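Here is the structure we will look at, set down as structure tokens.
It should be emphasised that the depicted structure is a prediction, and the values quoted were computed from it without experimental measurement. Residue numbers run from 1 in the order of the sequence given.
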Amino acid sequence: MGRGKIVIRRIDNSTSRQVTFSKRRNGLLKKAKELSILCDAEVGLIIFSSTGRLYEFSSTNMKAVIDRYGKAKEEQLDVNNATSEIMVRQLMGEELSGLGVRELQSLENRLEMSLCSVRMRKDHLLRSEIEELHRKGSMIHQENMELCRRVNIMSQQKMELHRKLQATEPRDVDDANTSSSAPYSFGIARDADVPSKTGALELGLQLH
């Protein structure tokens, strides 16, 4: 039976972890050496253990390998920057003279994909803004409804107060008129037909 698949994760047991490190480190150094011999490759391998111990292999000179690596990375970075700059210019419609039909078709496809992404982003932002405007409009409508309700309540209270004032004002006026005017007047008159010798006086009530 073949060996089962090993789960690649940190080994918790320190002894097992150290044994595994030693075995795999030796295998990795062996493979690096074989690669340099079989393929005439310049190989540099650096390993630090968990305790900080250094293990290394170089097919030539480690410093020379590291210097070559640093120079290659700088050149690669410059190439990537130049390529990116040229690509940007081509996307803007510049420096297209050196491109063939296939390159132009690929550039057109990239532009269409970019334009589609821009449109999707724009539509998303527009929908978000419209939803926000609808939300604010709904809040304003609710506030207006509440203000109208309060105005109606105030108007009803004002009308009720005015009605009460009208109901009490005439009664006060009538009471004042009743107390200030007398509907009847009294007078004393002498009756001419009665003989004067009687000396009688007659009290007469005259209604005006």
Contact summary for Ser49 and Phe21, nearest pair of heavy atoms:
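Smallest interatomic distance, heavy atoms only, reads CB-CZ, 3.5 Å.
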If only atom types and distance count, is the side chain of [X] paired as donor or acceptor with the main-chain N or O of [Y] below 3.5 Å?
{"X": "Glu131", "Y": "Ser128", "answer": "no"}
{"X": "Ser16", "Y": "Asp12", "answer": "no"}
{"X": "Ser155", "Y": "Val151", "answer": "yes"}
{"X": "Arg17", "Y": "Ile11", "answer": "yes"}
{"X": "Ser36", "Y": "Lys33", "answer": "yes"}

Trace of the salt bridge (charged side-chain N to carboxylate O under 4.0 Å, His left out) decision for Lys71 with Asp67
CA-CA 6 Å; Lys71 184 178 180 180; Asp67 291 341; over 6 Å; no
Side-chain contact, heavy-atom cut-off 4.5 Å: [X] with [Y]?
{"X": "Ile86", "Y": "Gln90", "result": "yes"}
{"X": "Arg25", "Y": "Leu29", "result": "yes"}
{"X": "Ile47", "Y": "Leu28", "result": "yes"}
{"X": "Asn144", "Y": "Ile140", "result": "yes"}
{"X": "Leu107", "Y": "Leu96", "result": "yes"}
{"X": "Arg127", "Y": "His124", "result": "yes"}

I'd like to know if the side chain of [X] pairs up with that of [Y] as donor and acceptor (distance under 3.5 Å, no hydrogens or angles considered).
{"X": "Glu85", "Y": "Asn81", "answer": "no"}
{"X": "Arg110", "Y": "Ser106", "answer": "yes"}
{"X": "Thr60", "Y": "Glu42", "answer": "yes"}

Return yes when atom OH of Tyr69 has more than 12 non-hydrogen atoms of other residues, nucleotides or ligands closer than 6.0 Å, and no otherwise.
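Result for OH/Tyr69: open.
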What distance do [X] atom [atom1] and [Y] atom [atom2] have between them, rounded to the nearest 0.5 Å?
{"X": "Leu133", "Y": "Ser138", "atom1": "CG", "atom2": "OG", "answer": "12.5 Å"}
{"X": "Ser114", "Y": "Glu112", "atom1": "OG", "atom2": "CD", "answer": "10.0 Å"}
{"X": "Cys116", "Y": "Arg121", "atom1": "SG", "atom2": "CZ", "answer": "14.5 Å"}
{"X": "Met120", "Y": "Leu115", "atom1": "CE", "atom2": "CG", "answer": "12.0 Å"}
{"X": "Lys31", "Y": "Leu38", "atom1": "NZ", "atom2": "CG", "answer": "9.5 Å"}
{"X": "Leu161", "Y": "Gln166", "atom1": "CG", "atom2": "CD", "answer": "10.5 Å"}

Leu45-Met62 co-clustered via ILVMFWY side chain contacts under 4.5 Å:
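Hydrophobic grouping puts Leu45 apart from Met62.
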In terms of hydrophobic clustering (I, L, V, M, F, W, Y; side-chain heavy atoms under 4.5 Å; direct or indirect links), are Phe48 and Ile66 co-clustered?
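Result: yes, single cluster for both.
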Hey, mind stepping through Gln105 and Asn109 against side chain to side chain donor-acceptor pair (under 3.5 Å) and telling me if it holds?
CA-CA 6 Å; Gln105 182 65 43; Asn109 293 337; 3.2 Å; yes
Show, in sequence, the C-alpha distance, side-chain angles and deciding distance for Gln157 and Ile153, and conclude whether the side chain to side chain contact (heavy atoms under 4.5 Å, CB included) test is met.
CA-CA 6 Å; Gln157 292 176 347; Ile153 292 175; 3.7 Å; yes
Any Lys/Arg nitrogen of Arg135 or Glu132 sitting under 4.0 Å from an Asp/Glu carboxylate oxygen of the other?
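Answer for the salt bridge query: yes.
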Indicate yes or no: does Arg119 engage Asp123 in a salt bridge with an N to O separation below 4.0 Å.
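No.
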